[in-house]
Amino acid sequence: MSDLRETRLEKARALEALGQTPYALSFAPSHRTAQLQQAHADLAKGEERSEPVAVAGRLMTRRVMGKLAFFTLADESGPIQLYIDKASLEAAHPQNPEIFSQITTLTDAGDWIGVHGTLKRTDRGELSVKVRDWQMLSKSLQPLPDKWHGLADVEKRYRQRYLDLIVSPHTRETFRRRALLVSSMRRWLDEREFLEIETPVLQSQAGGADARPFATHHNALDLPLTLRIATELHLKRLVVGGFERVYELGRIFRNEGVSTRHNPEFTSVEIYQAYADYHDMMALTETLIATCCQTVCGSTVIEYQGTSIDLTPPWTRATMHELVQRATGLDFNAFTSRAEAAAAMQAVDLVVPEAADSVGRLLVEAFEQRVESSLIQPTFVLDYPVENSPLARTHRSKPGLVERFELFIVGRETANAFSELIDPVDQRHRLEAQQERRRAGDPEAQTVDEDFIHALEVGMPPTGGLGIGIDRLVMLLTDSPSIRDVIAFPLLRPEVGSDAMR
RNA sequence: GGGUCGCUAGCUCAGCGGUAGAGCACUCGGCUUUUAACCGAUUGGUCCUGAGUUCGAAUCUCAGGCGACCCA
């Protein structure tokens, strides 16, 4: 293994001995390879064009046969073949009779090189740059992954994402789509006069969600701090301050397990619109996501893991009660006590966790056990129990419920929205109830943020609020089975005692 | 936390109780139409770690480590 590296280092030294650098300062390509492929699509087999071009990129494969060599050079736009003919290369460099053996022996797959030349389509039909001159731009000291199998080791794909990107077009496409999704989402919001305002990541009190935060510390103030678990409470303060449409798209941190659907740092967008309720936010959600899907995928009907998903609005709307009743036969509106609901659940083989200490929490349990994973096409699930939703406004007509929806696609929660609770007295009672649960041992229960309550007392207009999980949306739009496929550098346990990272 | 599977050359893998293997990559030789180039030769090993069973363990057993997937 170190032999490979040593061999390449020797080639770098050989270049230096020839008065060339293995690490160039710059190069000026005239075209990207895809431009050439497009512009010369009409060039016939065996024909040449004398138009001079300069291209740069990474050597992917090399095929040397005596006095002729074919290299594949790839830049960001794609590959092009280099046609390296000993006779014509030497004719262009009468002072350097070794030039052909230099390009064939001092280069390796993985090197960045720049070449000048003209165009030729080979007898086999491959558009090629016929090389007149070449320059090492950056000598690679490490081998590329197996050229047939690529990076089969899933862990290595995440740990050494640069290798994955080099050899996996699908991975490159995934991160292109991710960038396109984020920019198109921002553009859509900006065009509708939503302001993106950044709120603190470092907070003395993490709030806005049921989750455990990461703890850190500020030295100068000797202050314990946590990383944010949501942007909700600060964005709402901005609405109190008079910004009627605000959002923030950014990183959230939750000190939780790692799975194919969870990474401890992930990206969300939270959107708040004054004078709107959760019905307005449903319309916004389906239009926003469908628009972004159209931009990123070119259609609102997409394929995810072999299943066709239709994101064309409008999407199905159903209450949690309806969905649970349809799936289990149980009417949770009829239960008057937890014991009654628990007995009914057990009768249909539903698990009844002790922590679910109310009819409402049991309803959510039944939903999660029997409904959630079956919601493949986009579905708005409406009207959650009040005890699970301390920041949502109580339902205008259904006692015990709040005006909240979650959006499910391919069985995954993808968005969450409320008619926001703006009544400061009710809000204090709700957060105090949460704090009581926290004292009783629930580490994810929320706390009372006095300044937030104070802001509500100053006065917040009626507001609709929405949060969308960007990573899960990217998974959907890139047909990725794991959240780690859509995060460039997902959290992994650090490697110990290995030279693989050398 | 529970279950299943995996860990052997730089990479992808075979070998499953009897001398450590193949393809690719690397190095050398040959080759002016290849594109997984081809032909020939050479090089390359802590078979994840430890203990046990056995005349003999990459292979069987136990414990541990790391990882993947599923479930909670």
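Bear in mind the structure is a predicted one, so any value in this text is a computation, not a measurement.
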Using atom [atom1] of each nucleotide, how far apart are [N] and [M] to the nearest Å?
| N | M | atom1 | answer |
| --- | --- | --- | --- |
| U8(B) | C47(B) | P | 11 Å |
| G67(B) | U61(B) | C1' | 23 Å |
| C55(B) | C70(B) | C1' | 44 Å |
| G56(B) | A22(B) | P | 28 Å |
| U53(B) | G17(B) | C1' | 12 Å |
| G21(B) | U59(B) | C1' | 14 Å |
| A58(B) | G50(B) | C1' | 15 Å |
| C24(B) | A14(B) | C1' | 14 Å |

Item to check | Phosphate contact (U27(B) OP1 or OP2) by Lys11(A) side-chain N/O below 4.0 Å | outcome: yes
Item to check | NZ/NE/NH1/NH2 to OD/OE distance under 4.0 Å, Arg178(A) and Asp471(A) | outcome: yes
Next on the checklist: Check Glu387(A) with Arg361(A), please: is the shortest side-chain N to carboxylate O separation under 4.0 Å?
Outcome noted: no
Checklist entry - Aromatic ring centroids of Phe367(A) and Phe332(A) under 6.0 Å? => result no
Item to check | Phe100(A) and His93(A) aromatic centres sub-6.0 Å | outcome: no
Length of the [atom1]-[atom2] vector between [X] and [N], whole Å:
| X | N | atom1 | atom2 | answer |
| --- | --- | --- | --- | --- |
| Ile103(A) | U32(B) | CD1 | P | 17 Å |
| Asp85(A) | C31(B) | CG | C1' | 14 Å |
| Glu90(A) | U32(B) | CD | C1' | 12 Å |
| Glu6(A) | U43(B) | CD | C1' | 16 Å |
| Leu4(A) | U27(B) | CG | C1' | 10 Å |
| Met65(A) | G29(B) | CE | P | 17 Å |
| Ile84(A) | U33(B) | CD1 | C1' | 13 Å |
| Glu155(A) | C69(B) | CD | P | 11 Å |

[X] has a side chain; which of [options] sits nearest to it?
| X | options | value |
| --- | --- | --- |
| Arg159(A) | G67(B), C11(B), U33(B) | G67(B) |
| Lys156(A) | C11(B), U32(B), G67(B) | C11(B) |
| Pro143(A) | G10(B), U32(B), U33(B) | G10(B) |
| Val154(A) | U27(B), A68(B), C31(B) | A68(B) |
| Val64(A) | C31(B), G67(B), U33(B) | C31(B) |
| Phe70(A) | U33(B), U32(B), U27(B) | U33(B) |

Checklist entry - So what does Thr122(A) hit on the nucleic acid, given a heavy-atom distance under 4.0 Å: a base, only sugar-phosphate, or nothing? => result base
Checklist entry - Within the structure shown, what part of the strands sits under 4.0 Å from Ala87(A) by heavy-atom distance: base, sugar-phosphate, or nothing? => result base
Checklist entry - Of Leu68(A) and Pro145(A), whose nearest nucleotide on RNA chain B comes first from the 5' end? => result Pro145(A)
Checklist entry - 5'-most contact on RNA chain B: Arg484(A) or Asp108(A), nearest heavy atom basis? => result Asp108(A)
Next on the checklist: How about CD on Gln38(A), more than 12 heavy atoms from neighbouring residues, nucleotides or ligands closer than 6.0 Å, or not?
Outcome noted: no
Next on the checklist: Under a 3.5 Å cutoff, is there a donor and acceptor pairing between the side chains of Glu126(A) and Tyr83(A)?
Outcome noted: no
Checklist entry - Just by distance, with hydrogens left out, do Arg177(A) and Thr478(A) show a side-chain donor and acceptor under 3.5 Å apart? => result no
Item to check | OG1-CG distance between Thr447(A) and Leu431(A), expressed to the nearest 0.5 angstrom | outcome: 7.5 Å
Checklist entry - What is the distance from atom OG of Ser480(A) to atom CD1 of Ile487(A), rounded to the nearest 0.5 Å? => result 11.0 Å
Next on the checklist: Could you go through Asp383(A) and Thr319(A), starting from their C-alpha distance and side-chain angles, then the distance that decides it, and tell me whether this counts as side chain to side chain donor-acceptor pair (under 3.5 Å)?
Outcome noted: CA-CA 6 Å; Asp383(A) 301 344; Thr319(A) 68; 5.7 Å; no
Please list each protein N or O that sits under 3.5 Å from an N or O in nucleotides 70-72 of chain B, with the distance.
none

Checklist entry - What orientation do Phe214(A) and Phe253(A) show, parallel under 30°, tilted 30 to 60°, or perpendicular over 60°? => result perpendicular
Checklist entry - So what's the dot-bracket for RNA chain B: Watson-Crick or G-U pairs under 3.5 Å, [ ] if a pair crosses, | if it pairs off-strand? => result ((((((((.[[[[.)..(..]]]]..((((.......))))......[[[[[..)....]]]]]))))))).
